[in-house]
Amino acid sequence: MPWTRRHLLTIEELSLAEIDQIHATAAAFKKILGRNVKKVPALRGKTIVNLFLEPSTRTRMAFDMAAKRLSADVISLDGASSSTTKGETLRDTAQNIQALNADLIVLRHAASGSPLYLSRILNIPVVNAGDGAHEHPTQGLLDTFTMRERLGDLRGRKVTILGDILFSRVARSNIHALTKMGAAVTLCGPSTLVPGWFTDLGVTVSHDLKSALADAEVVMLLRIQHERQSAGHFPSLGEYTSMFGLNKTRASWLHPKAIIMHPGPINRGVEIDSDLADGERSVILEQVTNGIAVRMAVLYLCFGGQPESVAVVD
Ligand code: CP
């Protein structure tokens with residue numbers, strides 16, 4: 001099946017076959033990234049603009065590195081240094097970037113649906129790098145890529161996502177990816193942050209930490225998204241940690257071979273203890289590394305590349 005999408009907006013709209021294609025393409029690029037010469041000419045002559053109107057370390061740098069490894073020219077613009085601070089709209093900003101002959105925009109924005117909006121008014125591909133509490137598709141793709149590398153087939157595997165689910169775009173993208181891949185997903189956290197209606201997405205909701213962690217082969221921690229909360233959803237961070245923070249005792253409830261994941265940024269001592277974040281079961285930095293190959297795959301495919309042609313890009 002050929003790849004046909006120009007934009008990557010959500011995981012919700014992807015089929016399992018498309019997720020498999022992105023992962024296969026990322027695996028091929030990961031091999032290239034292991035060589036002495038890591039750069040391929042696949043996107044030579046293309047200009048990619050990283051338009052990040054919300055803060056980012058990992059995603060922005062990984063998109064930047066991915067574009068450079070593919071030989072594209074890349075320009076990054078953040079909110080604080082852009083004319084959005086003078087009142088320019090997203091529409092005008094994006095149309096001006098297109099008028100400057102950019103070939104693709106990677107967008108991070110606080111408004112859910114903003115990448116979809118741009119995809120409808122621009123003539124160039126748009127890649128979602130996180131839109132409000134809606135989706136963070138490349139994070140979900142790199143997380144599931146990392147799980148597949150570690151565990152193989154995810155069908156029937158228990159994956160527990162723990163923390164602030166309500167405001168997490170990472171959780172939504174992972175839920176869509178994992179349920180398509182047949183994983184048994186459990187969401188856990190305070191009832192204010194993990195409402196029961198999430199079961200509509202085909203997952204289990206639990207407010208009991210011990211049963212949520214029991215025999216899980218993957219636990220993914222999420223930080224509390226202060227920036228998206230307008231009201232207190234629990235009494236204090238200390239109380240959250242005492243009820244739901246992952247520590248050594250609680251980690252002993254997991255499957256003996258369980259991996260510990262976190263999309264970052266980590267709030268050490270809040271959702272996870274430092275010794276676990278840095279411990280041998282943690283794959284947190286592997287996730288970051290895999291983010292480059294996965295984003296290379298997404299950029300390559302959105303520019304019309306085909307999964308099977310990665311072998312001949314250099
Ligand atoms: N995981 C993630 O999106 O991290 P950044 O906010 O640093 O990009």
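Positions are given from 1 along the sequence. First listed ligand is number 1; within each ligand, the first listed atom is number 1. Everything quoted here is computed from the prediction, not taken from an experiment.
A donor-acceptor contact closer than 3.5 angstrom is absent between the side chains of H136 and R172. Counting only N and O atoms by type, the side chains of R148 and H23 include a donor and acceptor under 3.5 Å apart.
Under a 4.0 angstrom heavy-atom cut-off, R108 registers as being in contact with ligand 1. Put simply, part of G264 is less than 4.0 Å from ligand 1, judged by heavy atoms.
For the pair R295 and F63, the cation-pi criterion (under 6.0 Å, within 45° of the ring axis) is fulfilled.
Those atoms of ligand 1 that come under 4.0 Å of a heavy atom in T57, given as number and element, are 5 (P), 7 (O), 8 (O). Near Q139, meaning under 4.0 Å from one of its heavy atoms, ligand 1 places the atoms 1 (N), 2 (C). For ligand 1, the atoms lying closer than 4.0 Å to a non-hydrogen atom of H136 are 2 (C), 3 (O).
By the side chain to side chain contact (heavy atoms under 4.5 Å, CB included) test, P55 is found to be paired with no residue, residues two or more places apart in sequence or in another chain being considered.
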Report task. I would like to know whether I48 and L43 meet side-chain contact (heavy atoms from CB on, under 4.5 Å); could you show each step before the answer? Result -> CA-CA 10 Å; I48 293 171; L43 299 186; 4.2 Å; yes
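Within a 6.0 Å sphere centred on CZ of R281, other residues, nucleotides and ligands contribute more than 12 heavy atoms.
Protein heavy atom in closest approach to atom 1 (N) of ligand 1: P263 O, 2.8 Å. Atom 4 (O) of ligand 1 has as its closest protein heavy atom R58 NE, 3.1 Å. What sits closest to atom 2 (C) of ligand 1 on the protein, heavy atoms only, is T59 OG1, 3.5 Å.
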